[in-house]
Amino acid sequence: MACHMSLSSRLNKAVRQQYMSLPQGGKCQVTYIWVDGTGEGLRNKTKTLDTEPASIEDVPEWNFDGSSTYQAEGSNSDMYLIPVRMFRDPFTLDPNKLVLCEVLKYNRLPAETNHRTSCNKVMEKVKEHCIWFGMEQEYTLLGVDGHPFCWPPNGYPGPQGPYYCGVGADNAYGRDIVECHYKACLYAGVKICGTNAEVMPSQWEFQVGPCEGIEMGDHLWVARFLLHRVCEDFGVVATLDPKPIKGNWNGAGCHTNVSTKVMREEGGLQYIEEAIEKLSKKHAEHIAMYDAHGGKDNIRRLTGQYETSNINDFSAGVANRGASIRIPRQVGHDKRGYFEDRRPAANCDPYTVTGAIARTCLLHSEEEDEDKSK
Ligand code: ADP
Ligand code: MN
Ligand code: MN
Ligand code: MN
C-alpha cells in the first residue's frame with residue numbers, strides 16, 4: 001500500500017504524552033494563526049502569556065517576519081498580528097489558546113491577502129439583516145508524495161459510485177482524520193455542523209455554520225488550520241485544490257449557504273429570489289472572487305459536469321446540483337429558508353466570498369460603489 005506518510009508522524013507518540021501532561025506553572029500558551037502571502041497557506045507561532053486571557057482583548061498584538069511568508073521585502077519585513085478571535089487549543093488543551101489574527105503591513109494597512117478588513121466593513125453595514133452563512137469545505141487527502149491517500153501507486157481506484165457517504169475499508173479512505181478533526185473543532189469552539197465522505201475516494205467534506213457575518217470567515221479559517229494540523233499528526237496532507245485529479249473525478253468546492261432574517265421568515269422565498277436576481281447580474285465578478293487565484297483555479301472545476309455548473313453561465317434552480325445557485329428542496333417546499341451558492345472553489349477565501357455575497361445582495365448600488373472605492 002502506497003500510503004506515503006511523513007517521518008514525523010512516525011515519531012513515538014507515547015513518549016510525547018509524558019511531556020504533554022506536565023503542569024505548565026500557571027502560564028498560558030497562545031498560538032497566533034494567520035493567512036500568509038499566498039492567500040491559501042496558514043502560518044502559526046506560539047508565545048507564553050503569564051495569565052490565561054479571558055477574552056480576545058487580553059491577547060496582545062504581535063509581529064512576524066513577512067519576508068518569510070511572501071508578505072514583505074526583507075528590508076522592511078515586520079508585519080503586525082492583530083488578534084481577532086480566540087479558540088481553545090485542542091492539541092495542548094486548556095488553558096491554552098488558538099488566536100486567529102489579521103495581518104497589517106508596516107503602515108498598519110491590511111496586507112494584500114488580508115481580506116477580513118474589507119469583509120468586516122460590509123458585514124457592519126448590513127448588520128440589521130442578520131446574514132447567516134454555512135460553508136461546506138471539501139478537501140482531498142494526499143500522501144506526502146502528493147499522490148491521493150491510499151490510491152493504488154500505479155493507476156486508479158474503482159470508478160466513483162460507492163464512495164459518497166460510504167463505509168468500509170474499500171470505500172472510506174482516511175476516516176481517522178475526519179473524526180479527529182471533528183472533535184478538535186468541537187473542543188476548540190469552531191461551529192462545525194457536520195461531515196461526510198465525498199464522491200471521489202479520499203475526498204471529504206465538513207460543514208461550518210450557521211455563522212453570522214464576519215464569524216463565517218473566522219471559523220472556516222480556523223477549521224482549515226485544525227484540518228492541516230490534524231493531518232500533520234497523521235503524516236498526510238489535505239489539499240484544497242479545486243480539481244486535484246483530472247478526468248472522471250469530482251472536484252472540490254466550498255458551497256456557501258446564505259440567508260437573511262427575512263428569508264428565514266414566512267414567505268422568505270420572495271427575498272431569496274430577489275437575491276438570486278441580483279447575483280445573476282454580477283456572475284463574472286463573483287467568479288473572479290471565488291478562488292484563491294482570481295477565478296483561474298475554478299476553471300478546471302466548473303465544467304458543467306460532476307455536479308457543477310459551467311463557469312461562463314449563471315443558473316439557479318430548486319434541488320438542481322448542476323446550477324450556480326441551488327434552492328434546497330425543503331426551502332422550495334417551505335417557501336422560506338436559505339439558498340446555496342455552489343460556485344466557490346475549495347481554496348476560496350471565505351471573507352472574499354461572504355463579503356461579495358453580502359455586498360451584491362444587500363447593499364444598494366451607490367453604497368456598493370462607495371464601498372469598492374475604499
Ligand atoms: P448539501 O445538501 O448542499 O450537501 P450540507 O448539509 O452539506 O448541504 O450543508 C448545509 C449547510 O447549510 C451547512 O453549512 C449549514 O450550516 C448551512 N445552513 C443551514 N441553514 C442555514 C441558513 N438558514 N442560513 C445559512 N446557512 C444555513
Ligand atoms: Mn454538503
Ligand atoms: Mn459536497
Ligand atoms: Mn452543497
Side-chain angles (χ1 to χ4, degrees), residues 123 126 129-141 160 163-166 172 178 182 185-186 190-224 227 238 240-244 249-269 271-272 275-276 279 301-302 305-309 316-348 350 353-354 357-358 361-362:
M123 295 307 176
V126 304
H129 295 280
C130 302
I131 189 164
W132 292 0
F133 298 97
M135 294 180 86
E136 306 167 44
Q137 178 69 65
E138 294 178 338
Y139 61 94
T140 308
L141 297 176
Q160 295 184 162
Y163 308 109
Y164 170 73
C165 298
V178 178
Y182 203 150
C185 285
L186 290 175
V190 168
K191 291 187 173 178
I192 189 168
C193 61
T195 188
N196 59 266
E198 268 305 333
V199 175
M200 185 178 94
S202 302
Q203 197 167 78
W204 297 85
E205 168 180 315
F206 63 85
Q207 301 98 29
V208 177
C211 292
E212 189 163 334
I214 196 68
E215 202 187 28
M216 182 70 253
D218 292 351
H219 280 246
L220 190 66
W221 273 118
V222 173
R224 286 176 177 177
L227 177 65
L240 305 188
D241 187 321
K243 187 81 178 185
W249 304 98
N250 274 41
C254 195
H255 298 166
T256 302
N257 300 272
V258 188
S259 66
T260 60
K261 193 162 170 289
V262 288
M263 293 177 191
R264 295 186 292 269
E265 288 168 356
E266 199 176 333
L269 189 59
Y271 299 99
I272 292 175
I276 293 173
L279 287 166
R301 164 178 167 258
L302 293 180
Q305 286 178 295
Y306 311 108
E307 301 177 53
T308 68
S309 57
V318 175
N320 184 354
R321 289 175 190 266
S324 318
I325 307 280
R326 163 177 155 258
I327 297 174
R329 192 180 302 286
Q330 191 64 39
V331 175
H333 178 265
D334 297 345
K335 307 221 178 322
R336 64 199 266 178
Y338 63 97
F339 67 89
E340 175 190 46
D341 190 338
R342 299 176 60 81
R343 297 170 294 173
N347 67 356
C348 68
V353 172
T354 58
I357 293 172
C361 297
L362 297 175

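Numbering of ligands and ligand atoms starts at 1, following listing order.
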Closest approach of any protein heavy atom to atom 15 (C) of ligand 1, naming residue and atom: Cys193 SG, 3.9 Å
Check: Leu302 main-chain N/O paired with Lys243 side-chain donor or acceptor under 3.5 Å: no
Heavy-atom check, side chain of Tyr164 versus side chain of Asn196, under 4.5 Å: yes
Measuring from the Mn ion (ligand 2), count protein N/O/S atoms under 2.8 Å, please. 2
Protein residue, atom and distance nearest to atom 16 (O) of ligand 1, heavy-atom basis: Gly209 C, 3.2 Å
Do ligand 1 and Glu205 have nitrogen or oxygen atoms that lie under 3.5 Å from each other? yes
CD-CZ distance between Glu212 and Phe133, expressed to the nearest 0.5 angstrom: 9.5 Å
Quick one: which ligand 1 atoms are inside 4.0 Å of a heavy atom on Trp132? 23 (N), 24 (N), 25 (C)
Once you restrict to heavy atoms under 4.0 Å, what part of Met263 touches ligand 1? Side chain, backbone, both or neither. neither
Return yes if some donor-acceptor pair links the side-chain N/O of Ser309 with the main-chain N/O of Gly322 below 3.5 Å, else return no. no
Quick look: Lys191 vs ligand 1, heavy-atom contacts under 4.0 Å, and the answer is neither
Counting only heavy atoms, tell me which of Gln207, Arg329, Glu138, His255 gets closest to atom 6 (O) of ligand 1. Gln207
Quick one: nearest non-hydrogen protein atom to atom 3 (O) of ligand 1, plus distance? Glu340 OE2, 2.9 Å
Pairwise side-chain contact, Thr256 with Met216, heavy-atom cut-off 4.5 Å (strictly under): no
Under a 4.0 angstrom heavy-atom cut-off, which atoms of ligand 1 come close to Val208? 14 (O)
If the contact criterion is a heavy-atom separation under 4.0 Å, does Pro210 count as touching ligand 1? yes
Test: Arg343 and Asp341 ion pair at under 4.0 Å: yes
For Arg321, atoms of ligand 1 separated by under 4.0 Å from a heavy atom: 2 (O), 3 (O)
For Asn250 and Gln160, which I'm curious about, is there any donor-acceptor pair between the side chains at under 3.5 Å? yes
of all protein heavy atoms, closest to atom 11 (C) of ligand 1 is Asn257 ND2, 3.3 Å
Compute the shortest N/O to N/O distance between Arg326 and ligand 1 and return yes if it is under 3.5 Å, no if not. yes
Provide, to 0.1 Å, the distance between atom 4 (O) of ligand 1 and the closest protein heavy atom, together with that atom's residue and name. Glu136 OE1, 3.1 Å
Does ligand 1 have any atom that is closer than 4.0 Å to a heavy atom of Arg342? no
min-distance N/O/S atom, Glu198 vs the Mn ion (ligand 3), resolves to OE2
Can you measure from CD (Gln207) to CG (Leu220) and round to the nearest 0.5 angstrom? 11.5 Å
Just need the protein heavy atom nearest to atom 24 (N) of ligand 1, so name the residue and atom and give the distance. Ser259 OG, 2.7 Å
The Mn ion (ligand 3) to Glu307: any N/O/S contact under 2.8 Å? no
What's the spacing between Leu269 CG and His333 NE2 if we round to 0.5 Å? 12.5 Å
So, taking the atom named CD1 in Ile272 and the one named OG1 in Thr260, what distance separates them when rounded to the nearest 0.5 Å? 8.0 Å
Are the side chain of Arg301 and the backbone N or O of Asp241 linked by a donor-acceptor pair below 3.5 Å? no
Starting from atom 21 (C) of ligand 1, locate the nearest protein heavy atom and write down its residue, its atom name and how far away it is, to 0.1 Å. Tyr338 CD2, 3.7 Å
Rounded to the nearest 0.5 Å, what separation is found between the CD atom of Glu198 and the CD atom of Glu138? 4.0 Å
Counting only heavy atoms from other residues, nucleotides and ligands, does the tally under 6.0 Å from OH of Tyr163 exceed 12? yes
By salt bridge (charged side-chain N to carboxylate O under 4.0 Å, His left out), which residues pair with Lys261, not counting sequence neighbours? Glu265
Verify, without hydrogens or angle tests, whether Arg342 (side chain) and Arg321 (backbone) share a donor-acceptor contact under 3.5 angstrom. yes
